[in-house]
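Chain letters run A, B, ... following the sequence lines, proteins first, then strands; residues in each count from 1. Being a predicted model, the structure only gives us computed values, none of them experimental.
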Amino acid sequence: MPELPEVEVVRRGLERWISGRRIREVEVLHPRAVRRHLAGGEDFAAALAGHRVGVPHRRGKYLWIPLTDGLSVLAHLGMSGQLLVQPGDAPDERHLRVRIRFEDAVSPSDTELRFVDQRTFGGLSLHPSVPLDPDGLPDVIAHIARDPLDPAFDDEAFHQALRRRRTTVKRALLDQSLVSGVGNIYADEALWRSRLHYERPTATLTRPRTSELLGHVREVMRAALDVGGTSFDSLYVNVNGESGYFDRALDAYGREGEPCARCGTAIRRNPWMNRSSHYCPRCQRPPRLT
DNA sequence: CTTCGATCCTGGTAGC
DNA sequence: TGCTACCAGGATCGAA
């Protein structure tokens, strides 16, 4: 599942392969992939044609590609989305949803951009920027908080927000209006590293504990970025987050029944919010019920 | 205002 | 073999 590191790898790949190119033609093959573009698929395709694309930006799990007139193409990968740079004559993927061809593609094997998404939770859309925003942040994601790797992320404000909230620490990590880019995988990993149970009330976290947690979030994301970021300089921008390379480095997520790397106790998986939480029952003690 | 559960989607797999 | 049930889960929406 693409979380911040996977999306950042995609962003870098796009910067390398499509920045500066002019769009010739857009093909929308599945309406659901552009459902957040309220004017519809035909409008989306027509609006993009002729634009030159700028340098892709990212906030949390969203990335956007600025066009020339204050508009940006916003992309979210959802659970299974991929942005692929493929030769134009490569066979269509089974779940190809949108194809973007460029003016500079003269031979059939020259590259195009493809949005592929099996479960169609992701999508593309076109939006104006927040006025005066230096990065051209699309207005529809103005409510998304900065992510922990953003130099402007405010650790102290985050801590204060946690203290005010009446919620639990994992819910807070997944709340994209508090901190963005963290999904189920990196939440479980950061909590394991911090020896925090997922149901710990955020109001009980001390400032040092919050700092430690943020530090572990950053560590695990940077580790994933280091591994995933090494492969993008090939022809394909091929990142869907499954990334068979990083999962060997995970300590909690997907490790049910395997020994905790710290204490050897079997990792547990509990149902949680229609998904799962993975944790070490010994290192990550549940909070006392009040 | 905050909190929280239901919902969208499809392919893979477990179980009968 | 063929069917059903369940699972993965980010973001949004509406209820409380």
(request) For Thr120(A) and for Thr168(A), find the nucleotide of DNA chain B with the closest heavy atom, then tell me which residue's nucleotide is more 5'. (result) Thr168(A)
Residue list, ring pair (Phe, Tyr, Trp, His ring centres under 6.0 Å) with [X], at least two apart or on another chain:
{"X": "Phe121(A)", "answer": "none"}
{"X": "His57(A)", "answer": "Trp64(A)"}
{"X": "His51(A)", "answer": "none"}

(message) Any non-hydrogen side-chain atom of Leu225(A) less than 4.5 Å from a side-chain atom of Arg12(A)?
(response) yes
(request) Please tell me if the side chains of His278(A) and Arg255(A) come closer than 4.5 Å, counting only heavy atoms from C-beta onward. (result) no
(request) Check Ala261(A) against Asp251(A) and note the closest heavy-atom contact, atom names and distance. (result) CB-OD1, 3.8 Å
(request) Please name all residues satisfying salt bridge (charged side-chain N to carboxylate O under 4.0 Å, His left out) with Asp155(A), sequence neighbours left out, ordered by chain then number. (result) Arg218(A)
(message) Students should find this one: the first and last nucleotides of DNA chain B, 5' to 3', lying under 4.0 Å from a heavy atom of chain A. What are they?
(response) dT3(B) to dG11(B)
Interface polar pairs with nucleotides 12-16 of chain C, N/O, under 3.5 angstrom:
unit_1  : atom_1 : unit_2    : atom_2 : d
dT12(C) : OP2    : His143(A) : NE2    : 3.4

List, one per line, each side-chain donor-acceptor pair under 3.5 Å for residues 139-146 of chain A, sequence neighbours excluded.
unit_1    : atom_1 : unit_2    : atom_2 : d
His143(A) : ND1    : Val140(A) : O      : 3.3
Arg146(A) : NH1    : Asp150(A) : OD2    : 2.8

(request) Mind grabbing the angle between the end helix axes of the helix from dT2(B)-dA16(C) to dC16(B)-dG2(C)? Five pairs an end, 10° rounding. (result) 50°
(message) Test: side chain to side chain donor-acceptor pair (under 3.5 Å). Region: residues 257-269 of chain A. Which pairs qualify, not counting sequence neighbours?
(response) Glu256(A)-Arg269(A), Arg269(A)-Ser276(A)
(request) Give the other cluster members for Leu132(A), using side-chain heavy-atom distances under 4.5 Å between Ile, Leu, Val, Met, Phe, Trp and Tyr residues; answer none if it is isolated. (result) none
Protein-nucleotides 6-10 of chain C N/O pairs closer than 3.5 Å?
unit_1  : atom_1 : unit_2    : atom_2 : d
dA8(C)  : OP1    : Arg269(A) : NH1    : 3.1
dA8(C)  : OP1    : Ser276(A) : OG     : 2.7
dA8(C)  : O3'    : Tyr253(A) : OH     : 3.3
dA8(C)  : N3     : Arg119(A) : NH1    : 2.7
dG9(C)  : OP1    : Tyr253(A) : OH     : 2.2
dG9(C)  : OP2    : Asn184(A) : ND2    : 3.4
dG10(C) : O3'    : His76(A)  : NE2    : 3.3
dG10(C) : N7     : Arg275(A) : NH2    : 2.5

(message) Using the rule ring-ring contact (aromatic ring centres under 6.0 Å, His included), only one of Tyr279(A), Trp192(A), Tyr253(A) pairs with Tyr198(A); which is it?
(response) Tyr279(A)
(request) Determine which pairs satisfy ring-ring contact (aromatic ring centres under 6.0 Å, His included) with at least one residue from residues 21-43 of chain A, sequence neighbours left out, and list them in order. (result) His37(A)-Phe44(A)
